[in-house]
Undergrad: 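Okay, handing you the structure first.
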Amino acid sequence: MIETKEKVLRFKIKRQNDLDAPSYWEEFHVPYRPNMNVISALMEIQRNPVNVNGEAVRAVVWDYNCLEEVCGACSMRINGKVRQACSALVDKLEQPITLEPMSTFPVEKDLVVNRERMFEDLKKIKGWIPIDGTYALDAGPNISSSEQQEAYKYSTCMTCGCCLEACPNVNSKSPFIGPQAMGQTKYFNMHPTGALKKEERMEVVIGDEGIANCGNSQNCVQVCPKEIPLTTALAELNQSANKYALTSWFRK
Amino acid sequence: MKAAIANAPQSKSSKKFLYARLHSLAGILPLGLFMAEHFYTNSMAMFGAEKYNEQIALLQSLPFLIGIEIVFIAIPLLFHAIYGLYLSFISNHNTASYKYTRNLTFFFQRISGVIIFVFVIYHVWSFRLSTAMTGTEVNYHLVSEHLQNPIIFAFYVAGIIATAYHLCNGLSTALITWGITIGKTSQKIALQVSMILFALMSALGVATLFSFI
Ligand code: SF4
Ligand code: SF4
Ligand code: FES
């Protein structure tokens, strides 16, 4: 463990009282304890919400759930980079530690954002295996173990939003549904039963909100905490999108 | 700073995918090939004025030259430039927070595109349009006269380096766009190779410039 000399941690937090309210910065000092992470520091602020000027203020709010980097709720920008607060150890962070909400999503309060758009995008790409009875509901075809291994990586997506936050092409000027939905498209397309909805997914991929918006900056794969090979999914989808677009054009 | 989006716009019939693929194709096939030819032809200046003028005369003697120029250069170039400018304005660049190699190359691709946009307008005007209008012959002497001005010379150095970068980096991302380099390693090697190409192409271009003064 790296020894932190300072006995107090300095935090600079971007706050917002309400949806659409203006944001402001507020600083806090938090007594240091060994092995603290950003969430335990935020809990400390919640326990004693007094800012650096000694004023008692409204406690800072943020989202969290699992505390072990599997739910994706606690994503925020820590020292400028998007990541999970629960796995951000303060010993490894430069001070003052700045906390900001993700900017791609609507900010509801302080560090809490609304990640709804990602769930909407999953509906658009039909991010499920159809079991509505129109397909055989038996055990289904076998999947080779190498394919299982590959699919497993994509199955770990926790809809945390880091990839959308870091993608230069997911923003209010662009309709792009983003790397998370693209990765999940590849994931459901590779499943033998999921593949029955492949064409419907490909329509989204070659649509206005689809893969044509990707500029290959590859930030998504760098920031994904689950190390999902998003850029491989994008390249594969590019390939199948090209084929799909061409064949559907010739079928017209 | 990005503005939050609750509901992204959606349209059913989309031409975007087609435009994006045509943009990539135009950049490689007519334009990339033309750039290779253009850099090569101009490098003949390194072998003296006579050799250079010979090459220019050869090109100018091509049958259907105007047609070739319009169909294989002007139209793809205009399309690539205009769609590319649109692309560079819809991205929110964040290289300050995320200094990853690909994010930087992505950012420079946009910057170089904008430099080339200005440079090409100037370059085409000086050596194709204005000369055609006044009936001036384009030859070693004319180019050389032009490049005596240090500001124009510096502008040419910038234009050539930007062009070489834009083409070579563009080739490496086109390999992803066309679904050829799929995995991490092949994408990385493609980028390294494209950067070597960039260095060679810039060296050739800048050496050509120096052979005019
Ligand atoms: S590679 Fe594409 S999806 Fe990933 S961050 Fe870059 S533009 Fe976004
Ligand atoms: S792909 Fe990775 S970064 Fe994107 S939402 Fe899923 S887990 Fe998060
Ligand atoms: S609390 Fe679940 S990922 Fe951090």
Side-chain angles (χ1 to χ4, degrees), chain A residues 19-20 77 79-82 102-107 113-114 116-117 120-121 124 165-178 203 205-219 221-223 229 231-243 245-246 249, chain B residues 1-25 83 86-107 109-110 169-170 172-188 191:
Chain A
L19 195 73
D20 301 324
R77 292 174 58 172
N79 287 348
K81 276 196 184 132
V82 69
M102 290 195 283
S103 53
T104 302
F105 303 92
V107 179
V113 298
N114 182 342
E116 177 94 30
R117 63 160 291 177
E120 288 305 317
D121 294 341
K124 286 180 194 155
E165 172 69 16
C167 174
N169 287 3
V170 173
N171 59 58
S172 51
K173 292 173 283 180
S174 141
F176 191 23
I177 58 176
E203 281 297 326
V205 173
I206 65 165
D208 222 27
E209 307 167 294
I211 203 158
N213 295 287
C214 167
N216 296 316
S217 65
Q218 306 203 331
N219 283 352
V221 77
Q222 297 277 359
V223 299
T231 45
T232 299
L234 285 160
E236 283 180 16
L237 277 181
N238 268 325
Q239 194 185 58
S240 37
N242 295 339
K243 274 188 206 141
L246 206 61
W249 188 76
Chain B
M1 188 54 55
K2 294 185 190 180
I5 345 154
N7 292 306
Q10 191 184 6
S11 102
K12 275 279 166 249
S13 68
S14 166
K15 291 262 181 295
K16 191 168 206 161
F17 185 75
L18 179 69
Y19 289 155
R21 290 305 179 262
L22 285 178
H23 177 250
S24 173
L25 192 65
Y83 192 75
Y86 156 75
L87 285 185
S88 61
F89 288 118
I90 61 162
S91 299
N92 267 325
H93 292 286
N94 53 13
T95 41
S97 311
Y98 304 106
K99 294 186 185 67
Y100 309 124
T101 313
R102 276 285 185 188
N103 198 27
L104 292 169
T105 59
F106 167 82
F107 178 61
Q109 188 73 355
R110 269 82 185 145
N169 182 56
S172 80
T173 56
L175 287 172
I176 305 172
T177 303
W178 294 97
I180 297 166
T181 47
I182 300 232
K184 211 175 174 170
T185 311
S186 66
Q187 291 178 356
K188 197 171 147 194
L191 182 64

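Convention: sequence-line order gives letters A, B, ...; per-chain numbering from 1. Fair warning: this is a prediction, and the values are worked out from it, not measured in the lab.
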Undergrad: Non-hydrogen atoms of chain B under 4.5 Å away: do they reach the side chain of A:V221, the backbone, both or neither?
TA: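 Answer is neither: A:V221 stays 4.5 Å or more from chain B.
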
Undergrad: Answer with side chain, backbone, both or neither: which region of B:F89 has an atom nearer than 4.5 Å to a non-hydrogen atom of chain A?
TA: backbone

Undergrad: Contact between A:N213 and B:F17 at the side-chain level, heavy atoms closer than 4.5 Å - yes or no?
TA: no

Undergrad: For residues B:R21 and A:N242, determine if any side-chain heavy atom of one lies less than 4.5 Å from a side-chain heavy atom of the other.
TA: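 The answer is yes, as the side chains (C-beta and beyond) meet within the 4.5 Å cut-off.
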
Undergrad: Where does B:Q109 contact chain A at under 4.5 Å (heavy atoms): side chain, backbone, both or neither?
TA: neither

Undergrad: Do A:T231 and B:K184 come within less than 4.5 Å of each other through their side chains, counting heavy atoms only?
TA: no

Undergrad: I want to check something: taking the side chain as every heavy atom from C-beta on, are A:S217 and B:H93 in contact at a cut-off of under 4.5 Å?
TA: no

Undergrad: Main chain of A:C167, side chain of B:N94: is a donor-acceptor contact present, judged purely on distance under 3.5 Å?
TA: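 Between the backbone of A:C167 and the side chain of B:N94 there is no qualifying donor-acceptor contact (under 3.5 Å).
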
Undergrad: How would you list, by chain and number, every residue that makes a side chain to side chain contact (heavy atoms under 4.5 Å, CB included) with A:L246, sequence neighbours excluded?
TA: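 In terms of side chain to side chain contact (heavy atoms under 4.5 Å, CB included), with neighbours along the sequence ignored, A:L246 is linked to A:F250.
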
Undergrad: Using distance alone, with no hydrogens and no angle criterion, decide if A:N219 and B:R102 have a side-chain donor and acceptor under 3.5 Å apart.
TA: no

Undergrad: Looking at B:L87, B:I176, B:I180, which one has more heavy-atom pairs under 4.5 Å with chain A than the rest?
TA: B:I176

Undergrad: Where do B:L18 and A:W249 land on the side-chain contact (heavy atoms from CB on, under 4.5 Å) test, with the steps shown first?
TA: CA-CA 11 Å; B:L18 179 69; A:W249 188 76; over 6 Å; no

Undergrad: By a 4.5 Å heavy-atom criterion (distance strictly below it), what part of A:A241 contacts chain B: side chain, backbone, both, or neither?
TA: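 For A:A241, the contact with chain B is made by backbone and side chain together.
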
Undergrad: Could you check whether B:S91 and A:N169, counting side-chain N and O atoms only, form a donor-acceptor pair closer than 3.5 Å?
TA: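 The answer is yes; a qualifying pair exists.
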
Undergrad: List in chain and number order the residues that pass side chain to side chain contact (heavy atoms under 4.5 Å, CB included) with B:S186, two or more places apart in sequence or in another chain; answer none if no residue qualifies.
TA: B:T181

Undergrad: Please classify the contact between A:E236 and chain B as side chain, backbone, both or neither, with a heavy-atom cut-off of under 4.5 Å.
TA: both

Undergrad: Measuring heavy-atom distances to chain B, does A:I211 have an atom under 4.5 Å in its side chain, in its backbone, in both, or in neither?
TA: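 Side chain of A:I211 only, per the 4.5 Å heavy-atom cut-off to chain B.
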
